[in-house]
Protein chains: 2
Amino acid sequence: MTDRPPHILIVDDDREIRDLVTRFLRGHGMRAESAADGGAMRRRLRTGRFDLVILDVMMPGEDGLTLCRELRAAGSQPVIMLTALGDETDRIVGLEMGADDYLPKPFNPRELLARIRAVLRRSGPSAEPPAVPGDGACLVFEGWRLDTARRELRDPEGVLVALSAGEYDLLAAFATHPQRVLNRDQLLDLTKGREAAPFDRSVDVQLSRLRRKIEPDPANPTLIKTIRGGGYMMAVPVARA
Amino acid sequence: MTDRPPHILIVDDDREIRDLVTRFLRGHGMRAESAADGGAMRRRLRTGRFDLVILDVMMPGEDGLTLCRELRAAGSQPVIMLTALGDETDRIVGLEMGADDYLPKPFNPRELLARIRAVLRRSGPSAEPPAVPGDGACLVFEGWRLDTARRELRDPEGVLVALSAGEYDLLAAFATHPQRVLNRDQLLDLTKGREAAPFDRSVDVQLSRLRRKIEPDPANPTLIKTIRGGGYMMAVPVARA
DNA sequence: CGGCCCCTGAAACGGAGCGTTACAAAATTC
DNA sequence: GAATTTTGTAACGCTCCGTTTCAGGGGCCG
């Protein structure tokens with residue numbers, strides 16, 4: 001029912017293609033961003049939540065197939081691959097790697113749009129657990145235990161702490177980005193997948209509610225600190241278990 | 001949200017290009033500075049915080065690729081490389097070295113501006129690598145312990161000293177540049193990432209507040225000394241732990 | 001040595017950022 | 001469809017921070 005615009009990431013070494021596709025998708029009501037290579041892609045995925053990734057197969061350095069396998073292992077976004085025209089091998093290997101669709105270059109932007117919509121429709125609205133690449137694991141910090149598979153939180157004594165969906169998403173965003181300052185835009189992107197409105201303070205209120213449940217002394221937070229003028233930060237190290 | 005103007009460093013041996021780009025970027029609301037070679041770049045990076053570095057590939061002495069690799073290893077700023085027109089090799093090697101984008105010379109300044117904005121948007125406001133627990137994130141001086149991962153300060157007895165965000169940033173600036181005189185411009189750049197206004201004395205006031213918390217006798221400071229006419233200096237050695 | 005100027009320290013004030021509560025709308029459950 | 005829970009918005013008060021202002025003190029000159 002949440003019909004927010006889909007968020008697409010284009011990974012291609014060719015600047016012209018990146019810009020063309022980005023502009024085209026934005027012109028059709030989507031949020032689109034681009035990355036020039038695998039490193040940039042990873043950096044962008046670290047602080048943003050995407051509904052779909054478009055990968056060029058032919059790239060210097062890490063090629064699209066490698067990145068596709070990585071995406072499949074880590075996240076759950078659907079992937080569309082851009083292959084060289086008529087190259088059956090790429091197409092087959094791409095699909096084996098877990099790509100959801102492929103498109104031979106050069107392509108008609110309208111066709112890309114159609115395939116994006118098809119893949120998003122297929123993968124459905126419930127395809128994506130927010131903010132968690134590398135799932136199935138428990139995130140442990142200061143004795144607390146966040147089970148990302150069950151969406152449950154247990155305190156150091158092992159007692160279940162009831163969190164609302166929003167509180168869980170917020171805590172998960174921090175737990176997957178520990179020891180980093182996250183501003184309100186990033187947190188909103190990670191938890192709700194939307195952008196901040198002018199006087200949006202919903203993050204503040206949610207965090208206040210979360211602190212009441214997990215901080216020993218909510219007035220002097222030790223787990224999630226406030227960085228005035230910057231945002232918030234999980235101040236303790238997080239381990240996977 | 002802190003929306004301060006981005007701070008760009010241009011590294012190019014050609015003086016005309018440096019001036020042209022610097023003036024152009026400033027005319028578009030950015031803070032821009034330039035360096036003529038690798039040495040000047042390193043010197044500038046030591047006391048300034050930059051959001052992006054523009055590197056010329058072809059330079060006498062250390063070329064852009066070498067510098068790019070160095071930047072990638074040390075810092076976290078994104079890099080845009082200026083390559084010779086149509087030189088595929090440079091472009092590919094540049095991206096492999098970790099550049100976030102490239103631009104063939106000669107280029108249209110407006111296009112450079114667009115590239116810069118795109119890269120900044122992609123890399124986001126905080127692009128630091130996630131701190132690994134146990135990595136040397138503590139700075140120790142005279143028994144005091146500044147934990148940069150947790151943004152916490154402990155006195156020699158191990159008692160937590162409450163610092164405001166601004167006080168912490170200021171102390172961190174000194175602790176990462178010990179035994180060096182830092183003037184107000186440098187401190188403002190390191191802590192707030194902005195330039196000094198004509199009669200800006202905010203650093204003085206913050207330092208006064210900081211001294212009240214960490215100096216045994218704030219009237220006769222021993223940790224952070226005043227250098228009349230020059231600025232301030234952390235007067236004790238700092239070790240990583 | 002004394003007077004002057006300029007630099008710095010610190011108090012005081014006001015504005016902005018943030019925490020929290022209250023309330024209303026929306027979603028979920030039964 | 002009603003009751004309950006969750007979530008966003010508005011509002012109030014507190015804290016932090018930048019600016020202003022004044023006082024003290026060091027350096028330079030005579």
Side-chain angles (χ1 to χ4, degrees), chain A residues 1-4 125-126 130 151 153 161-171 173 181-185 187-188 191-233, chain B residues 1-4 151 153 161-171 173 181-185 187-189 191-215 217-233 235:
Chain A
M1 244 31 89
T2 24
D3 215 0
R4 57 164 200 274
S126 65
R151 292 179 65 93
L153 175 70
V161 177
L163 294 182
S164 75
E167 289 160 2
Y168 172 87
D169 288 339
L170 189 58
L171 181 55
V181 179
L182 298 172
N183 64 36
R184 287 168 179 73
D185 286 325
L187 288 168
L188 231 82
T191 55
K192 313 284 175 189
R194 66 174 169 88
E195 292 177 88
F199 293 92
D200 202 323
R201 296 203 44 210
S202 56
V203 169
D204 303 47
V205 179
Q206 276 289 40
L207 185 66
S208 168
R209 289 167 179 148
L210 178 59
R211 276 179 175 158
R212 223 178 302 160
K213 296 188 179 180
I214 68 171
E215 291 282 0
D217 175 15
N220 294 85
T222 55
L223 296 174
I224 301 177
K225 291 193 175 169
T226 303
I227 313 302
R228 176 181 247 257
Y232 301 95
M233 179 181 96
Chain B
M1 258 294 315
T2 346
D3 214 2
R4 58 172 204 270
R151 294 179 62 97
L153 175 70
V161 177
L163 294 182
S164 75
E167 289 159 2
Y168 171 87
D169 288 338
L170 188 58
L171 181 55
V181 179
L182 298 171
N183 64 36
R184 287 168 180 74
D185 287 325
L187 288 168
L188 222 70
D189 189 8
T191 55
K192 313 285 173 190
R194 65 174 172 90
E195 290 179 274
F199 295 91
D200 202 322
R201 300 214 32 219
S202 57
V203 169
D204 303 49
V205 179
Q206 276 289 43
L207 185 66
S208 164
R209 289 166 178 150
L210 177 60
R211 276 179 174 157
R212 238 173 289 164
K213 295 188 179 180
I214 67 171
E215 292 283 0
D217 175 17
N220 295 85
T222 55
L223 296 174
I224 300 177
K225 292 193 174 162
T226 303
I227 312 302
R228 194 187 168 81
Y232 301 94
M233 181 180 94

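All values below were derived from every heavy atom in this structure, side-chain atoms included, with hydrogens, water molecules and symmetry-related copies excluded. Proteins get letters first, then strands, A, B, ... in listed order; numbering begins at 1 in each.
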Q.
Using side chain to side chain contact (heavy atoms under 4.5 Å, CB included), reason through A:Y232 and A:L207 one step at a time and then give a plain yes or no.
A. CA-CA 9 Å; A:Y232 301 95; A:L207 185 66; 3.1 Å; yes

Q. CG of B:L210 versus P of C:dA10: gap in Å, rounded?
A. 12 Å

Q: Check the distance between C:dG9's P and B:N220's CG and give it to me in whole angstrom.
A: 12 Å

Q.
Regarding B:R184 and B:D189, does a basic nitrogen lie under 4.0 Å from an acidic carboxylate oxygen?
A. no

Q) Salt bridge check: are A:E167 and A:K213 linked by an N-O gap of less than 4.0 Å? A) yes

(Q) Side-chain N or O of B:R211 versus OP1/OP2 of C:dG9: is the shortest distance under 4.0 Å? (A) yes

Q) What is the distance, rounded to the nearest whole Å, between atom CG of B:L163 and atom C1' of D:dC16? A) 13 Å

**Q.** Side-chain donor or acceptor of A:E215 paired with backbone N/O of A:T222 under 3.5 Å
**A.** yes

Q) When the distance from NZ of B:K213 to P of C:dA10 is rounded to whole Å, what number comes out? A) 14 Å

**Q.** 5' priority, DNA chain C, between B:D204 and B:R212 [closest heavy atom]
**A.** B:D204

**Q.** Reported CG-to-CZ distance for the pair A:L163 and A:R209, which is rounded to 0.5 angstrom
**A.** 13.0 Å

Q. How far does NZ of A:K192 sit from CG of A:L170, to the nearest 0.5 angstrom?
A. 8.0 Å

Q) If you measure from CG on A:L188 to CD on A:Q206, what distance do you get to the nearest 0.5 Å? A) 10.0 Å

Q) Can a side chain N or O of A:Y232 be found less than 4.0 Å away from OP1 or OP2 on C:dG17? A) no

Q: Return no unless some side-chain N or O of A:S208 is found under 4.0 Å from OP1 or OP2 of C:dT20.
A: yes

Q: Ignoring backbone atoms, establish whether B:T226 has a side-chain N or O less than 4.0 Å from OP1 or OP2 of C:dC7.
A: no

(Q) Can you see if the side chain of B:R184 gets near the phosphate of C:dC7 - specifically, an N or O under 4.0 Å from OP1 or OP2? (A) no

(Q) If I compare all heavy atoms of B:N183 with all of B:G230, which pair ends up nearest, and what's the gap? (A) CB-O, 3.2 Å

Short heteroatom pairs, N/O only, protein and nucleotides 24-26 of chain D, under 3.5 Å:
| from | atom 1 | to | atom 2 | distance (Å) |
| --- | --- | --- | --- | --- |
| D:dG25 | N2 | B:R228 | NH2 | 3.2 |

Report, one pair per line, the protein and nucleotides 7-10 of chain D atoms (nitrogen or oxygen only) whose separation is under 3.5 Å.
| from | atom 1 | to | atom 2 | distance (Å) |
| --- | --- | --- | --- | --- |
| D:dT7 | OP1 | A:G166 | N | 2.7 |
| D:dT7 | OP2 | A:S164 | OG | 2.3 |
| D:dG8 | O6 | A:R209 | NH2 | 2.7 |

Q. Looking only at atom types and distance, does a side-chain atom of A:R211 sit under 3.5 Å from a main-chain N or O of A:I224, one as donor and one as acceptor?
A. yes

Q. Rounded to whole angstroms, how far apart are CD on B:E215 and C1' on C:dT8?
A. 15 Å

